[in-house]
Amino acid sequence: MRRFLLLLGLMLTLAACGTTESAGGAQSGQTLTVDGITFALQAQPTQTVVNQQQTWLVTLTDAAGQPIDNADVYLELEMPAMPMGQNNPLATAKGNGTYAAAGLYSMGGEWHVTVHAEVNGTDHSALFTIKVRE
Ligand SMILES: [Cu+2]
């Protein structure tokens, strides 16, 4: 299963070019541009279900469309409705502007996923809203 997910991740990474939304709807692939940096967030599996281990793929590109590879990236997972404790998966650089983090949502409902990218000493962040199924 894990091997399959890794393979799937690779395929999604390759398919990500120019694709901001896929068949799974807005939450399987979202893009935001903040401070001239474009944050593309993809979840795997694309169907986001509570307490299911998943991978987030973040791809960073600069204003010229070039991948940003020198960032320190982590996610901040919060529910706007209630305090849920700290849940900040660290992302690992995969090359070509892509970073991968693993973790899970501990409750169904609406989550705010803030992607932090520290580039040359400055923190840039983009907030994504994700609906997690029970
Ligand atoms: Cu909650």
Side-chain angles (χ1 to χ4, degrees):
M1 186 60 180
R2 184 169 294 273
R3 195 165 295 171
F4 169 74
L5 287 176
L6 287 172
L7 183 63
L8 183 68
L10 183 64
M11 293 189 313
L12 284 175
T13 305
L14 294 173
C17 301
T19 306
T20 55
E21 294 197 11
S22 60
Q27 55 183 282
S28 66
Q30 298 185 44
T31 301
L32 287 171
T33 301
V34 180
D35 304 335
I37 297 173
T38 297
F39 294 71
L41 177 67
Q42 290 230 331
Q44 300 166 9
T46 54
Q47 193 65 262
T48 305
V49 179
V50 65
N51 286 329
Q52 184 181 76
Q53 189 71 23
Q54 70 159 43
T55 299
W56 295 269
L57 284 181
V58 175
T59 304
L60 303 175
T61 48
D62 66 17
Q66 296 301 307
I68 299 172
D69 279 319
N70 63 335
D72 289 317
V73 178
Y74 70 95
L75 276 55
E76 192 177 351
L77 307 182
E78 297 171 307
M79 293 191 91
M82 71 194 75
M84 293 293 290
Q86 202 179 35
N87 189 354
N88 295 352
L90 276 177
T92 305
K94 298 296 180 189
N96 208 22
T98 298
Y99 301 80
L104 52 76
Y105 297 98
S106 54
M107 189 175 166
E110 184 176 305
W111 285 78
H112 284 175
V113 177
T114 304
V115 179
H116 290 268
E118 190 181 306
V119 183
N120 300 324
T122 303
D123 181 78
H124 305 275
S125 62
L127 193 159
F128 297 85
T129 299
I130 306 285
K131 295 264 184 1
V132 177
R133 281 199 344 206
E134 292 288 346

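Here the structure is a predicted model, which means the values were calculated and not measured. When a ligand or atom number is given, it counts from 1 through the structure's own listing order.
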**Study point:** Test log, rule side chain to side chain contact (heavy atoms under 4.5 Å, CB included), inputs N51 and S106
**Key:** CA-CA 5 Å; N51 286 329; S106 54; 4.3 Å; yes

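- Take a cut-off of 2.8 Å around the Cu ion (ligand 1): the protein N, O or S atoms inside it are M79 SD, M82 SD, M84 SD, M107 SD.
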Exercise for review: Verify ring pair (Phe, Tyr, Trp, His ring centres under 6.0 Å) between W56 and F39, making sure each step is shown before the conclusion.
Suggested key: CA-CA 12 Å; W56 295 269; F39 294 71; over 10 Å; no

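- The side-chain heavy atoms of T48 and W111, taken from C-beta on, include no pair separated by under 4.5 Å.
- By the side chain to side chain donor-acceptor pair (under 3.5 Å) test, D69 pairs with no residue at all, sequence neighbours left out.
- For the pair Q30/I130, a side-chain contact is recorded, criterion being any heavy-atom separation below 4.5 Å from C-beta on.
- Between the Y99 side chain and the A117 main chain, no donor and acceptor come within less than 3.5 Å of each other.
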